[in-house]
Protein chains: 2
Amino acid sequence: MRITAQEEYGLRCVLQLALQPEGSPLSVREIARREALSVAYVEKLLYLLSRAGLTRSVRGINGGYCLARPPEEIYLGEVVRALGGFASDAEICNQFTGNVESCVHMQNCGLRPLWRVAFYIQSLLDQVPLSELLEDEEDVEHSLMKKSRAQLELV
Amino acid sequence: MRITAQEEYGLRCVLQLALQPEGSPLSVREIARREALSVAYVEKLLYLLSRAGLTRSVRGINGGYCLARPPEEIYLGEVVRALGGFASDAEICNQFTGNVESCVHMQNCGLRPLWRVAFYIQSLLDQVPLSELLEDEEDVEHSLMKKSRAQLELV
DNA sequence: TAAAAACTTGACAAAGAAGTCAGGTTATGT
DNA sequence: ACATAACCTGACTTCTTTGTCAAGTTTTTA
């Protein structure tokens, strides 16, 4: 269970865009400078994010990248998925090398609860907007708990 | 954010041990057969788990591995950490290649909230005992939510 | 006490992820 | 219109993680 390098760096780029005043694009060169990453790598990350519809590029001499939506409407879960994120249920089954009787889709697979845990975590990340990451960090954990509770009350 | 292969397979081994009646060890050969993994790989995984104090080996001709504690007292978080799990705060800083001003330990690092999210997830996993994974899977998600709420009420 | 079954552990090879390169295409400003 | 700055994207190299190998050591049973 790890946050991959690609997710970390990709999120750094997204957060730089979130700090930018709306409507003024930030160039790849500038993002790369601020995060001490190579220009080529930042290009690749933003390509992945744009492909997922999270960022938007402005071409031309004063171009760059913007968020496709305001930071309040972009959720951590989306960013994580765009950057390679969680494996889907189907992918898990395809890559499974073990005996068929233990497949995730079988009733008797001991790991199914683990995947439920993973999906639960994913659903929490889908409730954290970027704007929250920019606020006072002490709030994040508390906010997550509140969201957990809200989810519980629906059950 | 991914569950690594090592975590998945290691947890499979642990769950096999948890299904075993207490006091009767399960051989590496048998675990490997049930999970369709190589004997060598299962040896390595159990070595990691024993090193972390989660399993206990019984040598000799009818030996094998047991859980070091009953399934109710072994938590998912421990298993994940034993298998390579989450990076610590210090490791994150050591491997950080970017500019020093953005280090996790600096006040102005935009990623600190992300690490708080990671730690929060970890604390949830530390509240899920193996015994719960063996029960009806529908319960797991609901139980996680209850635990989130309990944690919230402490704040 | 000897053989067999089992665990122990470091070193290594194969597979996969991370990051780079190179050669595009598109838009802007003069 | 042309030069420039910027984005676009597949192919490639490098590095890390996975999983295997091999050569032990320990314990039990006959």
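Heavy-atom basis, side chains included; hydrogens, waters and symmetry copies ignored.
Residue-level contact check: B/Ser50 touches neither bases nor backbone, having no heavy atom under 4.0 Å from any strand.
Taking atom CG of A/Leu45 as the reference point, atom C1' of D/dC7 lies 14 Å away to the nearest angstrom. Rounded to whole Å, the distance from CG on B/Leu48 to P on C/dG10 is 11 Å. As a whole-Å value, the separation of A/Glu7 CD from C/dA18 C1' is 13 Å. With rounding to whole Å, B/Glu8 atom CD is found 13 Å from D/dT18 atom C1'. The distance from atom CD1 of A/Ile31 to atom C1' of D/dC7 is 12 Å, rounded to the nearest whole Å. Per the geometry, CG belonging to A/Leu46 stands 10 Å off C1' belonging to D/dC7, to the nearest Å. Atom OH of A/Tyr65 and atom P of D/dA5 are 18 Å apart (whole Å). One atom, CD of B/Gln6, and another, P of D/dT20, lie 12 Å apart when rounded to the nearest Å.
The closest side-chain heavy-atom distance from B/Leu17 to B/Leu130 is not below 4.5 Å. Residues B/Arg81 and B/Asp126 meet the side-chain proximity criterion, which asks for heavy atoms closer than 4.5 Å.
Under the rule for a side-chain hydrogen bond (donor to acceptor under 3.5 Å, both in side chains), the partners of B/Gln20 that lie at least two apart in sequence or sit in another chain are B/Ser24. Taking A/Glu30 as the reference, A/Leu26, A/Ser27, A/Arg33, A/Arg34 meet the side-chain contact (heavy atoms from CB on, under 4.5 Å) condition, with sequence neighbours excluded. B/Gln6 meets the side-chain hydrogen bond (donor to acceptor under 3.5 Å, both in side chains) test with no other residue; sequence neighbours excluded.
Of the listed nucleotides (C/dA6, C/dA18, C/dA5), C/dA18 has the atom at the smallest distance from the side chain of A/Thr4.
The shortest distance between the side-chain N/O atoms of A/Asn62 and the OP1/OP2 oxygens of C/dG29 is below 4.0 Å. Regarding contacts with the backbone of D/dT20, a side-chain N or O of B/Ser38 is found under 4.0 angstrom from either OP1 or OP2. Distances shorter than 4.0 Å separate some side-chain N or O of B/Arg29 from OP1 or OP2 on C/dA6.
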May I have the list of side-chain donor-acceptor pairs in residues 52-64 of chain B shorter than 3.5 Å, sequence neighbours left out?
| unit_1 | atom_1 | unit_2 | atom_2 | d |
| --- | --- | --- | --- | --- |
| B/Thr55 | OG1 | B/Ser50 | N | 3.2 |
| B/Thr55 | OG1 | B/Ser50 | OG | 2.8 |

Practice problem: Give the intermediate values and the outcome of side-chain contact (heavy atoms from CB on, under 4.5 Å) for residues B/Tyr9 and B/Leu37. | Solution: CA-CA 8 Å; B/Tyr9 294 136; B/Leu37 298 171; 3.8 Å; yes

Quiz prompt | Stepwise side-chain contact (heavy atoms from CB on, under 4.5 Å) test for A/Thr4 and A/Leu83 | solution = CA-CA 9 Å; A/Thr4 66; A/Leu83 294 164; 6.0 Å; no

Exercise. Take B/Ile31 and B/Val39, measure what side-chain contact (heavy atoms from CB on, under 4.5 Å) needs, and give me the verdict at the end.
Key: CA-CA 8 Å; B/Ile31 296 171; B/Val39 170; over 6 Å; no

Scan nucleotides 13-16 of chain C against the protein and return all N/O pairs shorter than 3.5 Å with their distances rounded to 0.1 Å.
none

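Across every non-hydrogen atom of A/Leu67 and A/Ala18, the tightest pair is CD1-CA, 3.7 Å.
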Quiz item: For every nucleotide of nucleotides 9-14 of chain D, 5' to 3': is a protein heavy atom under 4.0 Å from its base (B), only from its sugar-phosphate (S), or from neither (-)?
Solution: BS----

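Residue pairs satisfying the salt bridge (charged side-chain N to carboxylate O under 4.0 Å, His left out) criterion with at least one member in residues 63-72 of chain B, sequence neighbours excluded, are listed as follows: B/Arg69-B/Glu78.
Near DNA chain D, meaning a heavy atom under 4.0 Å away, the residues from residues 52-60 of chain B are B/Arg59, B/Gly60.
In the hydrophobic cluster analysis, where Ile, Leu, Val, Met, Phe, Trp and Tyr join through side-chain heavy atoms closer than 4.5 angstrom, B/Tyr65 is grouped together with B/Leu19.
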